[in-house]
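Here the structure comes first, spelled out in structure tokens, and everything after it is commentary.
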Amino acid sequence: MPTPPNREGPRVNEEIRIPQVRLIDEEGEMQGVMTTREALARAYGVGLDLLEISPNAEPPVCKILDYGKYKYEQQKKRNEARKKQKVIEIKEVKVRPNIDENDYQVKMRSMKSFIGDGDKVKVTLRFRGREMAHQDLGVKVLERIRNEMEEAAKVEQMPRLENRQMVMVLAPR
């Protein structure tokens, strides 16, 4: 069994040290099994490179192509994939136990837009002073948020008390 390439990317030209390879020419036509030396001669004859496409096949598959152009195409594919991936951020929304109705609606709108964008939302409910004695008010506010966000988001972390604040994390469905 031949060893796969140990460096970055496939083996090219003289780096291919296997006695026989299956060759695909520059038009994509299968040429069959031949010696590596013969395949290299064909590649140099048309002014291109011999690239090992499938090193683990028996015998390994090599293709005649322009290596510089191949590397460029691979780089373009990697950049395109990087552009398409979405980084999930955690947005934080801070509320208070005695939040006003209008402020509550503003916070809900922002939470819905964050969830709509595919981000997680960390809802932090902060207690001040004697509010710690009335934690049930904070739990009611977080329950109300959870019920209103039910169809758009799922609760990833249930409300829990950390020092003087309650934290709940919502993730998009």
Side-chain angles (χ1 to χ4, degrees), residues 1-95 105-124 142 145-160 162 167-173:
M1 183 83 183
T3 59
N6 57 359
R7 67 177 185 88
E8 191 71 29
R11 292 186 281 215
V12 187
N13 298 336
E14 279 78 26
E15 294 172 4
I16 304 170
R17 302 193 194 289
I18 294 112
Q20 286 194 321
V21 295
R22 185 177 305 274
L23 183 70
I24 300 172
D25 68 5
E26 63 276 8
E27 276 93 44
E29 299 289 319
M30 180 64 75
Q31 297 298 315
V33 178
M34 60 181 65
T35 65
T36 306
R37 200 169 282 185
E38 191 179 328
L40 261 172
R42 283 193 181 189
Y44 289 153
V46 291
L48 296 172
D49 300 303
L50 186 67
L51 184 79
E52 190 176 39
I53 299 295
S54 178
N56 298 329
E58 198 52 53
V61 179
C62 293
K63 189 172 184 178
I64 296 175
L65 47 75
D66 183 358
Y67 183 60
K69 192 174 180 182
Y70 172 81
K71 273 178 41 179
Y72 174 72
E73 293 293 330
Q74 294 301 315
Q75 182 67 37
K76 256 174 69 173
K77 281 181 190 171
R78 278 196 297 275
N79 289 346
E80 200 63 37
R82 195 177 305 126
K83 268 186 213 167
K84 286 187 176 134
Q85 72 183 182
K86 169 81 172 97
V87 178
I88 295 176
E89 292 181 33
I90 296 182
K91 304 285 189 177
E92 187 173 15
V93 175
K94 295 182 180 181
V95 292
Q105 293 303 328
V106 169
K107 301 278 187 184
M108 285 303 293
R109 274 199 301 275
S110 63
M111 278 190 264
K112 285 177 181 169
S113 75
F114 293 150
I115 293 287
D117 292 343
D119 294 326
K120 293 181 182 180
V121 177
K122 178 180 179 182
V123 184
T124 305
L142 289 178
I145 290 171
R146 191 173 81 184
N147 292 336
E148 284 190 34
M149 296 294 288
E150 193 77 51
E151 66 275 346
K154 61 181 180 283
V155 177
E156 193 171 86
Q157 181 185 317
M158 292 304 281
R160 73 168 200 263
E162 296 176 357
V167 177
M168 176 173 71
V169 178
L170 301 170
R173 284 204 182 273

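Just so it is clear, the values below take in all heavy atoms, side chains as well, and ignore hydrogens, waters and symmetry mates.
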Check: With the threshold set at 4.0 Å, does a side-chain nitrogen-carboxylate oxygen contact exist between Glu156 and Lys154?
Finding: no
Next item on the list: Could you go through the side-chain contact (heavy atoms from CB on, under 4.5 Å) check for Val95 and Thr124 one step at a time?
Entry: CA-CA 6 Å; Val95 292; Thr124 305; over 6 Å; no
Check: Given side chains that start at C-beta, do those of Val121 and Val93 come closer than 4.5 Å, heavy atoms only?
Finding: yes
Notebook entry, point to check: Given Leu50 and Val12, is the side-chain contact (heavy atoms from CB on, under 4.5 Å) satisfied, shown in steps?
Noted result: CA-CA 6 Å; Leu50 186 67; Val12 187; over 6 Å; no
Note to self: With a 4.5 Å cut-off on side-chain heavy atoms, are Arg42 and Leu23 touching?
What the structure shows: yes
Checklist line | 4.5 Å side-chain heavy-atom contact, Met168 and Gln157 | finding: no
Item checked: Carboxylate-amine/guanidinium contact Lys91 Glu89, below 4.0 Å -> yes
Item checked: Nearest-0.5 Å distance that lies between atom CZ in Arg109 and atom CZ in Phe114 -> 12.5 Å
Margin query: Restricting to non-hydrogen atoms, name the atom on Glu148 and the atom on Glu151 that form the minimum distance, rounded to 0.1 Å.
Written below: O-OE2, 3.5 Å
Next item on the list: May I ask you to decide if Leu51's main-chain N or O and Asp49's side chain share a donor-acceptor pair within less than 3.5 Å?
Entry: no
Note to self: What's the separation between atom SG in Cys62 and atom CG in Asp25, rounded to the nearest 0.5 Å?
What the structure shows: 13.0 Å
Note to self: Just verifying a value: how many Å separate Ile145 CD1 and Lys107 NZ, rounded to the nearest 0.5 Å?
What the structure shows: 9.5 Å
Check: Are the side chain of Asp117 and the backbone N or O of Asp119 linked by a donor-acceptor pair below 3.5 Å?
Finding: no
Check: So do Ile64 and Ile24 actually touch side chain to side chain, heavy atoms under 4.5 Å?
Finding: no
Notebook entry, point to check: Measuring from Glu26:CD to Glu29:CD, what's the distance to the nearest 0.5 Å?
Noted result: 10.0 Å
Check: Roughly how far apart are Glu80 CD and Gln85 CD, rounded to 0.5 Å?
Finding: 12.0 Å
Margin query: Is the shortest side-chain heavy-atom distance between Val167 and Lys122 below 4.5 Å?
Written below: yes
Check: Counting only N and O atoms by type, is there a donor-acceptor contact under 3.5 Å from the side chain of Arg173 to the main-chain atoms of Glu150?
Finding: yes
Check: After noting the C-alpha distance and the side-chain angles of Val155 and Val169, does the key distance pass the side-chain contact (heavy atoms from CB on, under 4.5 Å) rule?
Finding: CA-CA 6 Å; Val155 177; Val169 178; over 6 Å; no
Checklist line | Heavy-atom side-chain proximity of Val21 to Ile16 below 4.5 angstrom | finding: yes
Next item on the list: Please check if atom OH in Tyr72 has more than 12 non-hydrogen atoms from other residues, nucleotides or ligands closer than 6.0 Å.
Entry: no
Notebook entry, point to check: Any side-chain heavy-atom pair from Lys63 and Glu52 closer than 4.5 angstrom?
Noted result: no
Item checked: Modelled atom types, side-chain donor and acceptor of Gln20 and Thr35, under 3.5 Å -> no
Next item on the list: Apply the side chain to side chain donor-acceptor pair (under 3.5 Å) test between Gln75 and each candidate in Lys71, Arg78, Glu73; give the one that qualifies.
Entry: Arg78
Notebook entry, point to check: Is the closest side-chain heavy-atom distance between Val123 and Leu142 below 4.5 Å?
Noted result: yes
Check: When you look at Gln31 and Arg22, which way does the side-chain hydrogen bond (donor to acceptor under 3.5 Å, both in side chains) test go after all the steps?
Finding: CA-CA 7 Å; Gln31 297 298 315; Arg22 185 177 305 274; over 6 Å; no
